[in-house]
Structures are given as structure tokens and as C-alpha cells.
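Just the heavy atoms: all of them, side chains too, but no hydrogens, waters or symmetry mates, feed the values below. We number each residue from 1, following the sequence as shown.
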Amino acid sequence: MRRYQDVYPSGPLVESKAVARASAADLLTCEYFEAEPASMPTERFAQHHILINLHPKPLRVENWRDGEHRDFTFNQNEIVVTPAGVESGWRWHERSQCIVITCEPVKLERFAGSELGLTLTEAQLRDEPQFVDADLAEAARGLVSAIRTGGAASAVLYESLARVFLVKLIQKYGLEREDEYAFTRSFTARHYKAVLDLVRERFSERITLDDMAAIAGLSPYHFARLFRTTIGEPPYQFVRRYRVEQAERLLAEPAMSMVEIALACGFSDQAHLSRTFKAITGRTPSQFRETLKQDRTND
């Protein structure tokens, strides 16, 4: 089956591949299109695709999905979710302004398991031909805004917002399977959000396993076991990776010294920052900063 982007009648004005790192590209793609009245052929696609209409004026749109024809008015911020494998085709009668988000079923399943402790059914997402979800629409707009920002900070912001978008999508429209994975489901999105909020607020300080377990309302042993099983890495590694992501953001500020960045991100000294940064990214902070400098020069 082909990708959804392969049949779109015009190129995107904004696309995530311009900023997304490999870890973010594994989550989803986001593109913004504007196209004159046209149509897309009816066929099945290997990806889930989510369309968010941004046009301020209601549009007449036709959609064919698994043999059913719909001729309807598409309003601003309305969304259409089409799961992978559903036969779908489109015709729009006025100029479109649309965000298209796609994700691979295998990668969505992996994300649901590692981030939320959920196991999705084979269908994975509900087939939703047309609905309003202001929260999900705003998350999609945030992705486009992050892409337009550009620069190194844009990549970090895009990845964070991609995770937020997928959490919202799965929690509201994901189809969860009831099976032997009940153990991992006991570490819920609420637990993950509580831990993430703690790390965001205190990443410049010392954060212990006891701190994270307490905020999740679990014993340290149970928390560490659930976190590693569900998220795919131990809690301390999660904190290290978050600190490195913040260091990447600060390295874009030429006025900040390496020592200042190290202390601001919770590292004991510059050497500690350098060791951890290289272990996670494969580059030293100096090499990363030099790459940013060259990118700005080329721009």
C-alpha cells in the first residue's frame, strides 16, 4: 500500500521532515497543505492519517470510505481520522487549508506501549469520519508552529509536541486490547504525566527514585519496575535524556558558557555534561554547538 502523501495533488507548504530528528520522525509526520479544488483517488493506505481543517470558511467536501460516499460541509477545526487499511478518497470543491498527520501502525503501537502502557487492538484507532475536538486541533496547530519556528530548538519542540499529540489521540480514539498486558497498564498516563511534570520543574536539581515514585503514588521498587517495563528505560535514564534535551536547547544560546549550561540542566559540572551528552547523542556539547553555528551561517 502507498503512503498518503504519495497521492496528494500538491506539495506541502510546511512539512516535519524539515526539522524532525530520527526519534521524532518515528512518531509521526505533520504537513500543512493548501490546494486548489481537486480530488484524490480512492485507495487503501498503509498509514493512519488524521486531517484537521483550518479553513475559516465552511467547505463542501466529498469523501469515499470503504464504499460509502459522504457529501458534507467541512468546518474549521473539524477532524477526520482514517485508520490504516480503510479505503478512502476525497474531492474538495474550494481551496483547502489542511493539516495532515500520518503515523505508521507499528510505530503507534510501540508508542502506546512505551509511553502509556497500553496495548492497542489490531484496528488501533476508531474510524471517525467527522468530529470536532478543539484540544486535538490545537495540538496539531502547535506542531505546524514548531516546524515554522526553525532551528535546533524547533526539532526539540516538535518532538515534545508530537508526543503530546499522540497521547491525546490514543487516549480519546485508540482501541485498547484487554489481554495479558494488564500489568503494564497499571502505569497509566496519569502516572507518566506526574513524573514528567516533576522532571520538567526540577531537572536542574537532584531528582531521586523516591521523588518520582512518591509523585506517582507508588513504592520505589514497584515504580522502578513498572516504569522500565512500560516506558522502555529505567527512570534515571529518562531523567538523563531529558536533561540532555534541555542542554541542546541552551546550547543554541551563544552567550551561555558550558559550565552555566551544565549547572542549569542538573549536571554536577562541565565534564559530567560532556560525558552524558556524548553517551546519549554521540557528540560532545562543543560539537553540537559548532553544528548549530554552521547552520546559522548557512542560513
Side-chain angles (χ1 to χ4, degrees), residues 1-5 16 23-31 40 42-53 63-70 72 74 77-90 98-140 142-143 159-194 196 226-227 229-232:
M1 288 186 285
R2 290 200 288 175
R3 300 181 318 138
Y4 190 74
Q5 294 93 332
S16 57
S23 53
D26 269 348
L27 298 174
L28 55 80
T29 65
C30 176
E31 294 154 317
M40 293 175 63
T42 300
E43 62 179 280
R44 301 181 191 276
F45 299 98
Q47 311 145 299
H48 305 305
H49 54 275
I50 301 98
L51 276 66
I52 301 96
N53 180 30
N63 177 219
W64 291 261
R65 47 202 305 124
D66 280 347
E68 180 181 350
H69 174 231
R70 299 176 60 246
F72 64 99
F74 204 15
N77 293 330
E78 284 192 323
I79 300 172
V80 173
V81 173
T82 306
V86 171
E87 187 178 58
S88 178
W90 291 88
C98 188
I99 297 173
V100 178
I101 293 175
T102 62
C103 52
E104 306 288 341
V106 170
K107 294 175 181 178
L108 183 67
E109 182 177 10
R110 186 188 307 139
F111 179 88
S114 65
E115 300 286 336
L116 300 178
L118 302 177
T119 303
L120 300 179
T121 69
E122 187 175 347
Q124 296 193 345
L125 294 179
R126 300 206 311 259
D127 185 2
E128 294 281 352
Q130 184 183 8
F131 63 97
V132 176
D133 187 324
D135 198 26
L136 198 63
E138 185 61 29
L143 286 167
E159 182 167 357
S160 299
L161 292 175
R163 293 178 182 278
V164 170
F165 181 89
L166 287 182
V167 168
K168 293 178 183 293
L169 179 70
I170 292 169
Q171 286 180 329
K172 293 185 178 181
Y173 308 106
L175 298 173
E176 183 183 351
R177 190 170 72 217
E178 295 294 334
D179 58 14
E180 69 273 18
Y181 290 91
F183 170 77
T184 60
R185 285 202 301 274
S186 61
F187 189 83
T188 65
R190 179 181 59 81
H191 292 125
Y192 177 74
K193 184 179 184 304
L196 182 58
L226 279 172
F227 192 97
T229 301
T230 306
I231 304 303

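- Not a single side chain to side chain donor-acceptor pair (under 3.5 Å) links E87 to another residue, sequence neighbours left out.
- Rounding to the nearest 0.5 Å gives a distance of 14.0 Å between CH2 of W64 and CD of E43.
- In this structure, the separation between CG on L169 and SG on C103 is 6.5 Å, given to the nearest 0.5 Å.
- Take E109 and apply the side chain to side chain donor-acceptor pair (under 3.5 Å) test, not counting sequence neighbours, and it matches no residue.
- For the pair V80 and F74, the minimum side-chain heavy-atom distance is below 4.5 Å.
- A heavy-atom distance below 4.5 Å is not found between the side chains of Q124 and L175.
- Between K107 and L27 there is no side-chain heavy-atom pair separated by less than 4.5 Å.
- We find the OG1-CZ distance between T82 and F45 to be 9.0 Å, quoted to the nearest 0.5 Å.
- The two residues A46 and E104 come nearest to each other via the heavy atoms O-OE1, 4.2 Å.
- With values rounded to the nearest 0.5 angstrom, L143 atom CG is found 5.0 Å from I101 atom CD1.
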Run F111 and I170 through side chain to side chain contact (heavy atoms under 4.5 Å, CB included) and show every step you take.
CA-CA 10 Å; F111 179 88; I170 292 169; 3.7 Å; yes
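- Taking every heavy atom of both residues into account, E78 and V132 meet most closely at CG-CG2, 3.7 Å.
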Can you list the steps and then say if L51 with Q130 is a side chain to side chain contact (heavy atoms under 4.5 Å, CB included)?
CA-CA 10 Å; L51 276 66; Q130 184 183 8; over 6 Å; no
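- Here the closest heavy-atom approach between residue A139 and residue F165 is recorded as CB-CD1, 3.8 Å.
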Could you walk me through whether L108 and H48 pass the side chain to side chain contact (heavy atoms under 4.5 Å, CB included) check?
CA-CA 9 Å; L108 183 67; H48 305 305; 3.6 Å; yes
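- Atom CD of E68 sits about 9.0 Å away from atom CG of N63, to the nearest 0.5 Å.
- The main-chain N or O of I52 is never found under 3.5 Å from a side-chain atom of N77 such that the two would form a donor-acceptor pair.
- Contact record, P105 with A84: CG-CB, 3.7 Å, taken as the closest heavy-atom pair.
- Residues satisfying the ring-ring contact (aromatic ring centres under 6.0 Å, His included) criterion with Y173, sequence neighbours excluded, are F131.
- A heavy-atom distance below 4.5 Å is found between the side chains of D135 and K172.
- Between T102 and T29, the side chains place a donor N or O and an acceptor N or O closer than 3.5 Å (distance only, hydrogens not considered).
- Taking CG of L161 as the start and CG of L166 as the end, the distance is 11.0 Å to the nearest 0.5 Å.
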